[in-house]
**Q** 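Right, I'll just put the structure down here and ask away after.
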Amino acid sequence: MPSERLASPPGRWRDVARATGLLAPDGAVASTVFAEMSALAARTGALNLGQGFPDVDGPAWIRRAAADAIAPDAEHGANQYPPGPGIPVLREAIAGHQQRHYGLTLDPETEVLVTTGATEALAAALLALAGPGDDVVTLEPFYDSYAAGIALAGARHVTVPLVPGPDGFRLDADALRAAVTPRARVILVNTPHNPTGTVLTRAELEGVAAVAREADAVVVTDEVYEHLTFDGAAHVPLATLPGMAERTLTVSSSGKTFSLTGWKIGWVTGPEPLVTAVRTVKQFLTYVSGAPFQPAVARALADDAYPRELATSLAARRDLLCAGLEAAGFAVVRPRGTYFVLADAAPLGFDDGTALCRRLPELAGVVGVPVAAFCTAGSDTERALRSWVRFTFVKREDVLRDAVGRLGALGR
């Protein structure tokens with residue numbers, strides 16, 4: 001018989017479960033809402049517009065480059081541990097990408113670190129830079145791994161709302177100034193933003209930069225959707241603003257840019273002292289990963305055409321889904337980036353987005369994700385967005401047309 005201690009082991013895992021809304025009052029741990037909704041789609045045959053992964057793979061030539069890297073000749077195959085910071089050709093390609101697109105000059109030897117996706121980069125950064133007694137400030141809604149990483153670090157999670165309006169979801173500047181106190185060790189900024197699709201403006205980012213400098217805080221930026229912007233919206237890396245390169249860690253990955261989310265090749269760039277701190281932690285997490293994918297991603301980063309074509313295609317699919325949601329009766333905030341659109345179900349008479357998402361397969365044969373899953377339980381933002389649902393448009397056009405037709409049943 002297991003002891004009571006082993007049956008309910010102590011440790012920080014409970015903090016993670018609590019921070020991500022997975023810990024029930026009786027101590028049971030639930031699966032994430034993303035897993036729940038994907039399982040619901042599989043069980044019911046509903047169209048899964050909840051989880052954000054493409055249903056078409058990235059370019060064949062990039063995939064072939066990875067296959068070629070797993071060579072039958074052991075002398076040349078990329079089948080063993082790559083260097084801890086990432087293979088040199090990939091680090092050089094990342095540095096070249098940052099220079100070409102944003103004018104950021106990086107030393108690939110000391111200022112670029114390859115990670116197992118952006119998620120590991122973010123977790124390693126939080127573990128490296130924050131701890132008990134520190135605040136980590138994020139926007140709200142927020143990607144759920146942020147809360148988990150902050151809890152693992154033992155820091156306090158402080159949020160700043162993005163508020164819906166005629167011009168999309170916008171940063172509450174007064175709330176930002178109030179949130180960033182001398183306790184703030186890290187400000188974690190996501191732009192283009194998941195789940196709202198907001199692309200923060202230069203003026204909004206300058207506000208973040210000002211409070212970061214005043215508090216002497218490090219800024220960690222999640223820029224995984226950097227190339228997926230629409231309607232002329234410009235992605236501005238925070239590290240390009242005056243005085244910010246020395247206090248900013250920039251995180252991105254190949255997954256969203258090249259529709260290869262399962263490869264999990266990400267990176268973090270920034271000044272050598274901060275990258276060294278992250279590398280010190282990262283090497284004891286995964287150590288290394290993705291050996292045959294790294295040379296393929298290095299080649300992919302030289303291709304600027306595919307990301308532009310993908311963004312153009314996504315903009316058209318966004319328009320298709322937004323129009324369908326509006327026709328069904330949702331109030332929609334049109335995103336200017338990412339894979340996602342947020343829709344308010346209140347005009348349809350649904351005030352609880354979580355309850356609606358659990359019923360959507362029955363009502364319309366579609367699955368979404370409640371926006372409450374991206375908020376701190378009981379927060380003002382969670383209450384304000386309680387009736388909202390996130391849908392993804394990173395699916396084939398025929399799938400989206402089918403989904404739009406099904407969603408029309410809600411308005412009848």
Side-chain angles (χ1 to χ4, degrees), residues 12 16 78 80-99 102 104-132 134 136 138 143 145-146 148-155 185-190 212 216-224 226 237-240 244-257 263-298 300-301:
R12 194 151 276 170
V16 172
Q80 307 304 328
Y81 293 135
I87 64 172
V89 69
L90 177 53
R91 284 182 278 128
E92 290 164 5
I94 293 165
H97 172 276
Q98 296 302 91
Q99 174 66 52
Y102 309 122
L104 291 167
T105 301
L106 298 163
D107 181 347
E109 288 296 315
T110 61
E111 296 180 324
V112 179
L113 174 66
V114 177
T115 59
T116 305
T119 302
E120 185 195 36
L122 293 163
L126 291 169
L127 290 168
L129 301 174
D134 296 331
V136 176
T138 76
Y143 183 54
S145 84
Y146 301 171
I150 294 166
L152 283 170
R185 184 67 56 211
V186 175
I187 303 173
L188 175 49
V189 177
N190 174 209
D216 195 24
V218 172
V219 179
V220 177
T221 62
D222 177 353
E223 303 182 15
V224 297
E226 60 186 311
L238 209 142
T240 64
M244 291 307 295
E246 61 265 32
R247 66 171 65 248
T248 301
L249 282 168
T250 302
V251 173
S252 194
S253 81
S254 59
K256 306 301 191 299
T257 298
W263 285 17
K264 299 298 290 180
I265 300 296
W267 50 84
V268 58
T269 63
E272 186 273 335
L274 293 179
V275 172
T276 295
V278 178
R279 185 177 67 245
T280 300
V281 171
K282 177 263 185 298
Q283 67 191 347
F284 298 111
L285 297 175
T286 59
Y287 177 47
V288 293
S289 59
F293 299 133
Q294 290 194 29
V297 171
L301 283 172

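Keep in mind that the numbers below use all heavy atoms, side chains included, and drop hydrogens, waters and symmetry copies. Everything numeric in this text was worked out from a predicted model, so none of it was measured.
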**Q** Does Val297 reach the side chain of Trp267, with side-chain heavy atoms less than 4.5 Å apart?
**A**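 Yes, their side chains come closer than 4.5 Å.
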**Q** Could you check if a side-chain atom of Val114 sits within less than 4.5 angstrom of a side-chain atom of Ile94, using non-hydrogen atoms only?
**A**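 Contact flag for Val114/Ile94 side chains = yes.
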**Q** For Val112, does its backbone N or O pair with a side-chain atom of Arg91 as donor and acceptor, under 3.5 Å?
**A**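 No, the answer is negative, given that no donor and acceptor are paired below the 3.5 Å cut-off.
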**Q** So, the side chain of Glu92 versus the backbone of Ile87: is there a donor-acceptor pair under 3.5 Å, distance only?
**A**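 No; zero donor-acceptor contacts below 3.5 Å.
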**Q** Quick one: salt bridge (Lys or Arg N to Asp or Glu O under 4.0 Å) pairs with a partner in residues 283-293, sequence neighbours left out?
**A**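 Qualifying pairs: none.
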**Q** For the CG atom of Leu129 and the CZ atom of Arg185, what is their distance to the nearest 0.5 Å?
**A**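 Between atom CG of Leu129 and atom CZ of Arg185 there are 9.0 Å.
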**Q** Please tell me if the side chains of Val278 and Leu274 come closer than 4.5 Å, counting only heavy atoms from C-beta onward.
**A**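 Not touching, per the 4.5 Å side-chain cut-off.
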**Q** Could you tell me if the side chain of Leu126 sits less than 4.5 Å from the side chain of Leu152, heavy atoms only?
**A**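 No - every pair of side-chain heavy atoms lies 4.5 Å or more apart.
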**Q** Within the 3.5 Å criterion, strictly below it, is a donor on Gln99 or Thr105 matched to an acceptor on the partner's side chain?
**A**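 Yes, side-chain donor-acceptor contact under 3.5 Å.
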**Q** Could you tell me which residues satisfy side-chain contact (heavy atoms from CB on, under 4.5 Å) with Val275, sequence neighbours excluded, listed by chain and number?
**A**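 Leu113, Leu249, Arg279.
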**Q** How close do Ala153 and Pro132 get, heavy atom to heavy atom, and via which atoms?
**A**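 For Ala153 versus Pro132, the nearest heavy atoms are O-CD, 3.5 Å.
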**Q** Testing the basics here: between Gln294 and Pro82, what is the closest heavy-atom pair and its distance to 0.1 Å?
**A**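 That closest heavy-atom pairing would be NE2-CG, 3.7 Å.
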**Q** Once you measure the plane-to-plane angle for Phe293 and Trp263, does it fall in the parallel (<30°), tilted (30-60°) or perpendicular (>60°) bin?
**A**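 Parallel: the ring planes of Phe293 and Trp263 meet at under 30°.
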**Q** Once you round to the nearest 0.5 Å, how far does NE2 of His97 lie from CG of Leu106?
**A**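 Nearest 0.5 Å value for the NE2-CG distance: 11.5 Å.
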**Q** Taking the side chain as every heavy atom from C-beta outward, state whether Asp134 and Val136 have any atom pair closer than 4.5 Å.
**A**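 No; the side chains remain at least 4.5 Å from each other.
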**Q** So which atom in Pro271 and which in Glu111 form the shortest heavy-atom distance, rounded to 0.1 Å?
**A**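 Pro271 and Glu111 have their closest heavy atoms at CA-OE2, 3.9 Å.
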**Q** Identify the two heavy atoms, one from Pro88 and one from Pro83, that lie closest to each other, and give their separation to 0.1 Å.
**A**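 Pro88 and Pro83 have their closest heavy atoms at CD-CG, 4.3 Å.
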**Q** Ignoring hydrogens, what is the shortest heavy-atom contact between Thr286 and Thr116? Give both atom names and the distance.
**A**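 Heavy atoms of Thr286 and Thr116 come nearest at OG1-OG1, 3.1 Å.
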**Q** Is there a donor-acceptor pair closer than 3.5 Å between any side-chain N or O of Thr115 and the backbone N or O of Glu120?
**A**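 Pair absent, no side-chain N/O of Thr115 close to backbone of Glu120.
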**Q** Taking the side chain as C-beta and beyond, is there a heavy-atom pair between Leu104 and Thr240 under 4.5 Å?
**A**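 Yes, close enough: below the 4.5 Å cut-off.
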**Q** Which heavy atom of Ala121 sits nearest to which heavy atom of Val251, and what is that distance?
**A**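 Here Ala121 and Val251 meet closest at CB-CG1, 3.7 Å.
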**Q** Are side-chain heavy atoms of Leu301 and Leu90 found at a separation under 4.5 Å?
**A**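 They are in side-chain contact.
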**Q** Looking at CD1 of Ile150 and CG of Leu122, how far apart are the two atoms once the value is rounded to the nearest 0.5 Å?
**A**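 One gets 10.0 Å once the value is rounded to the nearest 0.5 Å.
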**Q** Under the side-chain contact (heavy atoms from CB on, under 4.5 Å) criterion, do Asp222 and Val224 qualify, and how do the steps go?
**A** CA-CA 6 Å; Asp222 177 353; Val224 297; 3.3 Å; yes
**Q** Does the side chain of Tyr102 pick up a donor-acceptor pair with the side chain of Glu223 at under 3.5 Å?
**A**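 No, no side-chain donor-acceptor pair sits under 3.5 Å.
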**Q** Just to verify, what does Thr138 make a side chain to side chain donor-acceptor pair (under 3.5 Å) with, not counting sequence neighbours?
**A**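 Here the qualifying residues are His157.
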